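Basis for what follows: all heavy atoms, side chains included, without hydrogens, waters or symmetry-related copies. Model, not experiment: these values are computed from the prediction.
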Amino acid sequence: MDVDKRANPSRVPQHHAPSASVGDSLRQRATEIIGSKTSLTLAATQAMTLPDMQQLFHELQVHQVELEMQNDELQRHQTELEMQNDELHRTQEALRRERRRYSDLFEQAPVGYCIVTEAGVLLQINLTAANLLGRPQNELVQQSITWFICYDDQDSYYLLRRQLIATGTPQSRELRMKQKDGTQFWALLQATVAKDPSDGLVHRMIVSDITVRKQAEQDFRIAATVFESTEGMIITDARQIILRVNDAFTKITGYGSADVLGRSPGLLRAGRQEQVTDAEMWLCIAQNDAWQGEIWHRRKNGEVYPARLTMTAVRNENGVVTNYVAILSDVTERKAADEKIRNLAFYDPLTQLPNRRLLMDRLALALAVCKHFQCKGALLFLDLDGFKTINDTLGHLQGDLLLELVAARLSTCVGDGDTVARLGGDEFVVMLEELSNDVPTAASEAKAIAELILTTLDHLYPLSPVPCRITCSIGITLFGIDDSETLGEPMKRADLAMYQAKAAGRNTLRFFHPQMQAVVTERMALEKDLREALKLGQFQLYYQPQMEGASHLAGVEALIRWQRPLHGLVLPAEFIPLSEETGLILALGHWVLEAACAQLVRWAPRPGFSHLTIAVNVSARQLHHSQFVPEVLRMLELTGANPNQLKLELTESLLISQVEEVIAKMGTLKERGVRFSLDDFGTGYSSLSHLKRMPLEQLKIDQGFVRDILINPNDAAISKMVIALAESIGLTVIAEGVETIAQRDFLASQGCHAYQGFLFSRPLPLDEFETFAERANLMQWPAPPKQSIRPEATPSSKSPYAVARTGPPSQT
C-alpha cells in the first residue's frame, strides 16, 4: 500500500512541501548523522520504526523532487539571465556603435560645431571647426572664442552674445575669423542657448565657412558696378542680338534700351572705311575670344565719332559661346588730347617747329636714306647772336616774338623736304636732305643755304618799343659720308662748328673740321681730371700782396692753382670757365673759402701776419646758390676765423640780375663782419642806385684800365672817375695790375693809394709769400679793425685750424 502510494504521483502533491516540524526534525537528524560522520548502521535503523522510516523516505523523496524543481527553476532563471545579459551586451554594442557614429558625425560634419560658456570659453569643438581655425582641438578647448575672431569684428560677436543672453532666441552673425597663421576667412556664426548638466547655460554654435559666398557677392557687386560704369556696355546673345545695355551706352550713343534691344550692334557703325573689317574682327574673336580696336560709330543724331571697342566672347562649361560682351567708349577727347600731346612731344609750342625729338627721328630716317641711295645731307646748327641781351632788355614777350619771326624767316629758306627745328632757347637746326652725292658739291649746296639764312635773318624785326636787328652764327656738317656714324655724331659736329663761328666774330658760318673734335676731347679730359682733383685735393692757394702806399702790406688776394698730374701747374683761366659750366665751381669755391679761413686762423697768433686780410673771389653761381650765406657763416664758425679779415670779391656782372637777392645776402654777411669788394669795376653795367645800397667797402679798378693808364686818355679818365665815385660814396679804392712805379704814382696822384700787381709781387705759394713778407720787412703794421660781432680776435682753442699745418684744409 505504501508502495502504491509512492508509485502514484497523483497522491503526491507536485508543490507540496513537508511540514515544518517533520521537515525540520528530519533535517536535524540528517544533519546529526552527517555531523557525526557516522553511517546509518543497523542499530540506528533498528531504533526507527517502520512508519518513521517510511515517513523519512517519503519526505526525502518529496524534498528531492522539490530540489529538482527548484534546480529547474534556477536553470530557467539562469537561462533568462543569460538571455538578458546577451541582450544587454547587444544593447551596449549598439549604443557604442551609435556613439561612434554620432562622434563621427559630430567631428566630420560639413560645418563646425562648438559649445561655449556664456563668457565665451570653448568647452567643446569638433574637428571641422578646428580645421577651419587651423589649430588642433586641444589648443582650442578652454580658450576664449574671441581670440579667433578678427579684431574689427569682435564687436559683432559681443552683440550676438548679448542678444542671445537677453532673448534666449537663436542669433546669427557674419564675421571674419582668423587661422593660426593669420589667414582670415568669412564665417557664419549661428548660436542657440542650451542647458548643460555640469556647465549650466551654454551656447551651442554652428560655424560655417562662407568665404566663397562672400567673394561671389563681392564679385557680383563689382560686376554690377562695372556694368554701370562710365563706359558703354552691350550684352548680346550668341546670334549677336542685343539683350541689355547700360546707361553709359545711352549717354554715348543717344540710343535708349528700347531703341536697340533685339537688334544687332551693326546699327552703330558709321559706314566709314575702317582699319579692320568685320570679318577680321570676328575671326579674331573666334580665335582669341576677344578683340579690341578703334572704329567709327554714329550716334542717334547722326554725329560720327571715334570709338574704342572691346568685344569678348562668353562660353559655358562646355566651351560653347553663349553671349558677347562689348565695352564701348567715346575717344573723341582722348584723340584730341593725343594730338595735342603729339604736338607737345614733337613740336615746339612757341614756333610750331619740330623739336629735338622729332628732329632726331627725321635725322635717323635721313641717315638710312643716305646709306641706301648713296646721297648726302647736311645739318646747319644756328645760334642767334645777342639774343640774351634783347631778351633781358625788352622782356621775354618781345624775345618770344623775335623767336617766332626768326622761325618764320628760316622756313622760307629751305625746301619742302627739309626740316627747320628749334632745339630750345635761341638754337635752331636746319636739316637739308637729298644733296648731291659728290661731297664738294653737297658742301657748296649747304653753304649756299647757310648764306641765304644769314642774309634773310640779318634784317630789322618789328619789336616794341624799338625795332631790333639780329644775326646768327651757323655751324655746318655733312652726313651720309660714313655709313658707320651714329645718330648723335652729326649734331655734335654741327654744334662744334657753330661755336667756331661764334669765336670767329659771329654773323658767319663755319664747317666742321677734325681739329674741333680734338678740342672737345681735351675738354672732356680736363673735366674728368678736374673732378678727380677735387677728390684727391690737388689744389693749393697762391697769395698776391695787396699794398697800402709804397710799402705797407695790408692783405692778400687768395688765388687758386691746380697741380695737374702730367701737366704741371694749371692757372685758373684754364679750368675756372669749365668748372662754371659743369657746376664744379660750387665745390671749388667751398674749398677756397675753407682754405682761406684756415689760413687766417694760422696767421692769427703770428706777429706781422695777424692783421692781414684775405680776399676771396666769389662766382655768380656761388652767390646765387641758396646755401651760400649759411655756408660762409658755418665755415667761419667751424674754423674760428675772424670775419673782419675775410673779404669777398664780387664781379660787376653779378649785379645784372637778382639785385635784391644779392643785396640781402651781402647785408646778412656784413652784419656778421664780412667785408666786400667790387672787382673789375667799370667793365660792366652797374646801376648807381643799386651800388649805393650795397654794403661795399671797396672798389677795385680793373687791370684793363691800369695797363694803358699812362698812354690812353680814356683809361685814365675812367680810372679817375672810379676813384672820384668811390670817394663820393665813402668807399676805398684798390687798383690791380700795377706793374710800374709810374702807374702807381699816377694812381696815387688821383687819390688811389692801394695797389696789387707785379710791381710788388706775383702770386706766390704760402711759404714763398711768408718769406717775401719777412724779407721786405713788412711786419709792423696796424692791427685789423676790431670785430663788431665776435670780439675775440684769436681763433678758438676748439677750432681744428688753430694748430699750424703745412697744407690746405681737406676737401669737403
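With hydrogens and angles ignored, the 3.5 Å screen pairs a side-chain donor or acceptor of N323 with a backbone N or O of T236. No donor-acceptor pair closer than 3.5 Å links the side chain of T322 to the backbone N or O of N316. R204 contributes no side-chain N or O that, together with a main-chain N or O of A194, makes up a donor-acceptor pair within less than 3.5 Å. No side-chain donor-acceptor contact under 3.5 Å links R244 to the backbone of I234. Using a distance-only test at 3.5 Å, with no hydrogens or angles considered, a donor-acceptor pair links the side chain of D259 to the main chain of G256. Remark: the backbone N or O of Y255 is paired with a side-chain donor or acceptor of T250 at under 3.5 angstrom. Q179 places a side-chain N or O within 3.5 Å of a backbone atom of L132 that can act as its donor or acceptor partner. Under the 3.5 Å distance criterion, the side-chain polar atoms of N355 are matched with a main-chain donor or acceptor of A345. Under the 3.5 Å distance criterion, the side-chain polar atoms of Q622 are matched with a main-chain donor or acceptor of S619. Remark: side-chain polar atoms of Q352 are paired, donor with acceptor, to backbone N or O of P349 under 3.5 angstrom.
The minimum heavy-atom distance linking N246 with E231 is given by the pair ND2-O, 3.0 Å. When all heavy atoms of L623 and E661 are compared, the pair lying nearest together is O-OE2, 4.4 Å. Scanning both residues, I252 and L328, for their nearest heavy atoms gives CD1-O, 3.6 Å. Nearest heavy-atom pair across L363 and L487 is CD2-O, 3.6 Å. Nearest heavy-atom pair across V245 and S257 is CG2-OG, 3.6 Å. For the residue pair V111 and S208, the shortest heavy atom distance occurs at CG1-OG, 3.5 Å.
Put simply, the side chain of T128 does not reach to within 4.5 Å of the side chain of P110, judged on heavy atoms. The side-chain heavy atoms of M635 and L638, taken from C-beta on, include a pair separated by under 4.5 Å. When side chains are defined from C-beta on, L669 counts as touching V629, because their heavy atoms get closer than 4.5 Å. Annotation: side chain of Q142 is in contact with side chain of V121 (closest heavy-atom distance under 4.5 Å). Under the 4.5 Å side-chain criterion, counting only non-hydrogen atoms from C-beta, V207 is not in contact with Y113. Taking 4.5 Å as the limit, every side-chain heavy atom of K178 sits out of range of all side-chain heavy atoms of T183. With a 4.5 Å cut-off on side-chain heavy atoms, Q215 and W186 do not count as touching. V193 is listed as a side-chain neighbour of L164, based on a closest heavy-atom distance under 4.5 Å.
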For this session: Kindly determine whether H203 and T192 satisfy side-chain contact (heavy atoms from CB on, under 4.5 Å), including the steps that lead there.
Result: CA-CA 6 Å; H203 298 163; T192 58; over 6 Å; no
Problem set entry | side-chain hydrogen bond (donor to acceptor under 3.5 Å, both in side chains) between Q154 and S156, worked out | CA-CA 5 Å; Q154 289 184 5; S156 181; over 6 Å; no
Problem set entry | Derivation of the side-chain contact (heavy atoms from CB on, under 4.5 Å) call for L309 and W291 | CA-CA 8 Å; L309 183 65; W291 176 88; 4.1 Å; yes
Exercise. What do the steps show when you test V632 against L593 for side-chain contact (heavy atoms from CB on, under 4.5 Å), and what is the final call?
Worked result: CA-CA 8 Å; V632 174; L593 181 64; 3.9 Å; yes
Exercise. Taking it one step at a time, do F185 and L133 satisfy side-chain contact (heavy atoms from CB on, under 4.5 Å)?
Worked result: CA-CA 9 Å; F185 66 95; L133 296 175; 4.1 Å; yes
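In R315, the CZ atom is crowded: over 12 heavy atoms of neighbouring residues, nucleotides or ligands sit closer than 6.0 Å.
In this structure, R422 CZ and L358 CG are separated by 15.0 Å, a value rounded to the nearest 0.5 Å. Distance CD1/I241 to CG/L261: 11.0 Å, rounded to 0.5 Å. Interatomic distance, R672 CZ to E637 CD, rounded to the nearest 0.5 Å: 7.0 Å. The OG atom of S172 sits 8.5 Å away from atom CG of L189, with the distance rounded to the nearest 0.5 Å. One distance of note links OG1 of T668 with CG of L633; it measures 8.0 Å at 0.5 Å rounding. The CZ atom of R135 sits 10.0 Å away from atom CH2 of W147, with the distance rounded to the nearest 0.5 Å.
Salt bridge status for R96 with E93: present, with a side-chain N to carboxylate O gap under 4.0 Å. Classification of E217 and R213 as a salt-bridged pair holds, one side-chain N sitting under 4.0 Å from a carboxylate O. One finds a salt bridge joining E174 and K214 here, because a Lys/Arg side-chain nitrogen approaches an Asp/Glu carboxylate oxygen to under 4.0 Å. A salt bridge links R334 and E294; the closest N-O separation between the charged side-chain nitrogens and carboxylate oxygens is under 4.0 Å. The pair R90-E87 counts as a salt bridge, with a side-chain nitrogen and a carboxylate oxygen less than 4.0 angstrom apart.
Note: W591 and F539 have tilted aromatic rings, judged against thresholds of 30 and 60 degrees for the angle between ring planes.
Side chains of Q163 and R173: a donor-acceptor N/O pair is present below 3.5 angstrom, by distance only.
Tested against D330 for a salt bridge (charged side-chain N to carboxylate O under 4.0 Å, His left out), the candidates K335, R308, R299 yield a single pass: R299.
Aromatic ring centroids of Y324 and W282 lie under 6.0 Å apart.
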